[in-house]
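Order of the sequence lines sets the chain letters (A, B, ...), proteins ahead of strands, with each chain counted from 1.
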Amino acid sequence: MTVSPPAVRTRFAPSPTGYLHIGGARTALFAWAYARHHGGQFILRIEDTDVARSTPEAVQAILDGMQWLGLAHDEGPFYQMQRMARYKEVIGQMLAAGTAYHCYTSIEALDALRAEQEANKEKPRYDGLWRPEPGKTLPSIPPGLSPVVRFRNPTGGVVAWDDLVKWRIEISNAELDDFIIARADGTPTYNFCVVVDDWDMRISHVIRGDDHVNNTPRQINLLQALGAPVPRYGHVSMILGDDGTKLSKRHGAVSVMQYDENGYLPEAVLNYLARLGWSHGDEEIFSLEQFVEWFDLDHITASAAQFNTEKLNWLNAHYIKLADDARLGGEIVRRLAEEGVTATAHPDPALIAGLYKDRVVNLNELADCAHPFYAAVHPSDELAAQHLTAAAKAALADLRRRLASADFSPEALSKTLKETLAATGMKMPQVAIPLRVALLGQPQSPAIDRVLAVLGREETLRRLDQIGL
RNA sequence: GACCCUAUCGUCUAGAGGCCUAGGACAAUACCCUUUCACGGUAUGAACCGGGGUUCGAAUCCCCGUGGGGUCGCCA
């Protein structure tokens with residue numbers, strides 16, 4: 001008889017109190033890749049029990065972000081607010097079993113206790129006043145006060161687990177207090193919901209941020225009190241901002257969708273995030289498929305990693321070069337539209353994308369490059385004075401005559417350009433740069449013959465006429 | 001303050017006792033290419049936090065410092 005290996009089931013469990021930020025995206029990517037690598041399931045769970053701070057907009061933002069990145073879930077999204085009945089059922093069972101108890105200490109009393117402990121430079125923790133013990137007499141229940149439910153945490157020994165990224169972690173039970181699992185209004189709290197969910201959803205590997213390390217021993221104790229299996233845990237380190245400090249709004253792009261707005265391709269963000277804190281030898285550039293094949297938890301760095309926009313930019317430029325022209329053309333249309341510019345069918349946005357894609361770092365730059373093709377061009381006085389000199393105009397006039405009847409393929413245009421050079425005795429830059437200024441309002445562009453070919457005869461002549469030759 | 005985690009070029013990292021006079025990538029610098037600006041190519045500089053051990057031998061193992069991060073809520 002063969003025993004089939006337990007299924008790998010991972011989850012991403014954000015709370016909808018804001019966007020999907022870059023750190024969360026990386027955690028999601030790792031959890032997703034781990035499930036995919038092992039042929040398991042990836043579950044999306046929305047932890048919305050903080051009613052005051054959770055919003056439907058934030059839920060949508062998370063869903064949008066996951067979709068933009070292409071991280072599809074196999075089950076869910078599950079919403080914790082819809083599982084209240086189940087949580088209450090388990091709390092009832094724990095109360096009955098004596099693994100949890102009612103506590104009537106008020107918030108004010110708790111605050112006072114905490115203040116006192118901090119003043120004594122002690123670690124703030126619940127004092128166990130209402131914890132039942134054999135032979136202990138509990139205080140009399142104060143009238144008019146609804147109790148919270150606390151977990152009866154073990155008092156001795158240590159909780160230890162072999163973390164998938166940080167190896168063995170041990171935390172003494174003496175460091176833990178009897179934390180609240182249900183508020184006075186009866187709603188369950190985070191650590192409790194997570195445990196019941198991970199149990200019910202048969203999560204095998206909990207891959208989450210470093211900031212949850214301190215929750216893990218509490219959750220393990222809870223799981224054990226419930227007689228539930230304990231999953232494996234892997235705590236991925238945090239991402240720090242460009243300046244080495246904690247990631248925050250100060251660092252600009254916090255939401256993954258902000259990266260879309262800033263002109264990043266999802267595959268570039270994914271590749272960058274994958275490589276931030278994880279490695280496969282010297283590999284730097286790889287597809288999502290390749291990543292899934294290679295991904296394992298042993299090669300994740302245990303320490304926090306600093307975000308580096310320049311490297312992301314490099315990857316983004318790389319993926320733009322690889323991207324299909326039609327797709328990039330679509331991005332040009334979409335981004336120009338946001339500026340109120342309509343990119344028409346002529347010239348074809350895809351052709352412009354092909355012209356510029358190997359010289360830009362992001363999609364917004366690409367759209368900027370395309371902009372003069374679709375809008376009237378007015379060279380600045382400074383540029384005109386510098387480049388549209390009498391001599392230059394004479395050369396352009398010569399060129400204009402030839403262009404009126406020339407073939408507009410890049411090869412033929414290159415030849416036509418050379419004819420003008422021969423006729424006027426000028427060097428290529430002496431003609432090409434004024435031509436760029438006349439046609440695009442800028443002294444730099446890709447090879448001018450290619451620009452002419454994309455712009456087309458009609459528009460080229462029109463723009464040339466506009467500078468008054 | 002307590003507890004937990006962590007420490008290789010500016011940054012991301014390779015490295016799991018001898019393959020290391022420490023490798024790759026981004027960024028930087030220089031040169032080449034060039035029809036301008038870019039792209040691209042080539043080259044150069046740049047690191048094992050400090051101190052003790054263990055060992056024939058340590059970036060790799062142990063201890064102590066120090067730095068960085070995280071957590072200490074009727075938030076998640």
Side-chain angles (χ1 to χ4, degrees), chain A residues 13-17 47-50 52-54 80 103 105-107 110-111 114 117-126 146-150 163 165-167 169-172 174-177 179-191 193-194 209-217 235 237-238 240 242 244-246 272 275-285 298-299 301-315 317 321 356-361 369 387 414 417-418 421 427-433 435-437 442-449:
Chain A
S15 60
T17 54
E47 310 212 323
D48 55 356
T49 54
D50 185 354
R53 294 196 303 149
S54 297
Q80 290 187 324
C103 165
T105 303
S106 68
I107 291 176
L110 244 23
D111 286 345
R114 188 162 25 245
Q117 286 164 334
E118 276 169 11
N120 294 337
K121 299 204 185 297
E122 287 166 18
K123 185 169 181 164
R125 44 153 69 81
Y126 176 61
S146 305
V148 298
V149 179
R150 285 184 185 271
D163 197 272
V165 345
K166 292 178 190 287
W167 299 84
I169 300 180
E170 296 188 4
I171 293 176
S172 169
E175 294 296 326
L176 275 24
D177 64 359
F179 59 97
I180 292 169
I181 59 175
R183 305 178 178 90
D185 65 5
T187 58
T189 60
Y190 171 76
N191 277 117
C193 296
V194 167
D210 212 343
D211 49 340
H212 287 290
V213 168
N214 292 282
N215 287 325
T216 304
H235 290 94
S237 62
M238 308 267 82
L240 273 24
D242 243 332
T245 63
K246 191 177 174 177
Y272 177 72
R275 194 60 186 66
L276 187 61
W278 174 84
S279 62
H280 185 77
D282 289 338
E283 300 292 342
E284 294 288 349
I285 294 177
D298 319 336
H299 289 85
T301 315
S303 57
Q306 196 168 314
F307 194 90
N308 186 240
T309 306
E310 283 169 336
K311 191 161 181 181
L312 204 213
N313 286 345
W314 169 70
L315 279 166
K321 288 187 188 83
Y356 284 93
K357 70 174 181 180
D358 60 357
R359 43 203 303 131
V360 298
V361 157
C369 289
H387 298 288
S414 175
L417 235 20
K418 281 176 185 144
L421 296 187
K427 298 266 193 241
M428 183 62 93
Q430 295 175 292
V431 175
I433 294 179
L435 187 54
R436 289 184 172 98
V437 170
Q442 301 159 356
Q444 296 103 31
S445 83
I448 193 64
D449 44 3

Can you tell me how far [atom2] of [N] sits from [atom1] of [X], to the nearest Å?
X       : N      : atom1 : atom2 : result
Y126(A) : A2(B)  : OH    : P     : 26 Å
I171(A) : C5(B)  : CD1   : C1'   : 9 Å
L240(A) : G70(B) : CG    : P     : 7 Å
D210(A) : C3(B)  : CG    : P     : 18 Å
Q117(A) : G1(B)  : CD    : C1'   : 12 Å
H212(A) : C3(B)  : NE2   : P     : 23 Å
D211(A) : G73(B) : CG    : P     : 15 Å
W167(A) : A7(B)  : CH2   : P     : 13 Å

#### Entry: N-glycosidic conformation, C33(B) - syn within 90 degrees of 0, else anti
anti
### Query
Relative to the ring of F307(A), is the ring of Y272(A) parallel (under 30°), tilted (30 to 60°) or perpendicular (over 60°)?
perpendicular
### Query
Should D210(A) and K166(A) count as an ion pair when the cut-off is N to O under 4.0 Å?
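Looking at D210(A) and K166(A), the cut-off is met.
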### Query
Do R275(A) and E283(A) meet the salt-bridge criterion of a basic N to acidic O distance under 4.0 Å?
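Salt bridge absent between E283(A) and R275(A).
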Would you mind pulling out the nucleotide paired to [N], Watson-Crick or G-U wobble, both distances under 3.5 Å?
N      : result
A16(B) : none
U34(B) : none
A28(B) : U44(B)
G57(B) : none
A7(B)  : U66(B)
A2(B)  : U71(B)

### Task
For G67(B) and U8(B), measure between their C1' atoms and round to the nearest Å.
15 Å
### Query
Between C61(B) and U42(B), how far is it from one C1' atom to the other, in whole Å?
41 Å
Contact under 4.0 Å: [X] side-chain N or O vs [N] OP1/OP2:
X       : N      : answer
T17(A)  : A76(B) : no
S237(A) : G70(B) : no
R114(A) : G73(B) : yes
T189(A) : C74(B) : no

Taking the side chain of [X] as its heavy atoms from C-beta onward, which of [options] lies nearest to it?
X       : options               : answer
I169(A) : C4(B), C74(B), A7(B)  : C4(B)
N214(A) : C4(B), A76(B), C72(B) : C4(B)
Q306(A) : C74(B), U6(B), U11(B) : U11(B)

Using a heavy-atom cut-off of 4.0 Å across all strands, would you classify [X] as base, sugar-phosphate, or nothing?
X       : result
V213(A) : sugar-phosphate
T187(A) : nothing
K427(A) : nothing
E118(A) : nothing
G277(A) : sugar-phosphate
T105(A) : base

### Query
Where is the tightest heavy-atom contact between V194(A) and Q80(A), given as atom of each residue plus distance?
N-NE2, 4.1 Å
### Query
Ignoring hydrogens and angles, does a donor from either the side chain of N215(A) or the base of A76(B) sit under 3.5 Å from an acceptor on the other?
yes
Distance check, rounded to the nearest 0.5 Å: [X] atom [atom1] versus [Y] atom [atom2]?
X       : Y       : atom1 : atom2 : result
D111(A) : T105(A) : CG    : OG1   : 11.5 Å
M428(A) : D449(A) : CE    : CG    : 7.0 Å
D50(A)  : D48(A)  : CG    : CG    : 9.5 Å

### Task
Could you walk me through whether E118(A) and K123(A) pass the salt bridge (Lys or Arg N to Asp or Glu O under 4.0 Å) test, one step at a time?
CA-CA 7 Å; E118(A) 276 169 11; K123(A) 185 169 181 164; over 6 Å; no
### Task
Would you mind building the protein contact string for nucleotides 20-36 of chain B? One character per nucleotide, 5' to 3', B for base within reach (heavy atoms under 4.0 Å), S for sugar-phosphate only, - for untouched.
---BBBSS-------BB
### Message
Between Q430(A) (side chain only) and K427(A) (backbone N and O only), is there a donor and an acceptor less than 3.5 Å apart?
### Response
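It does hold such a pair.
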### Task
Mark yes or no: R150(A) above the aromatic ring of Y126(A), with NZ or CZ under 6.0 Å from the six-membered ring centre and no more than 45 degrees from the axis.
yes
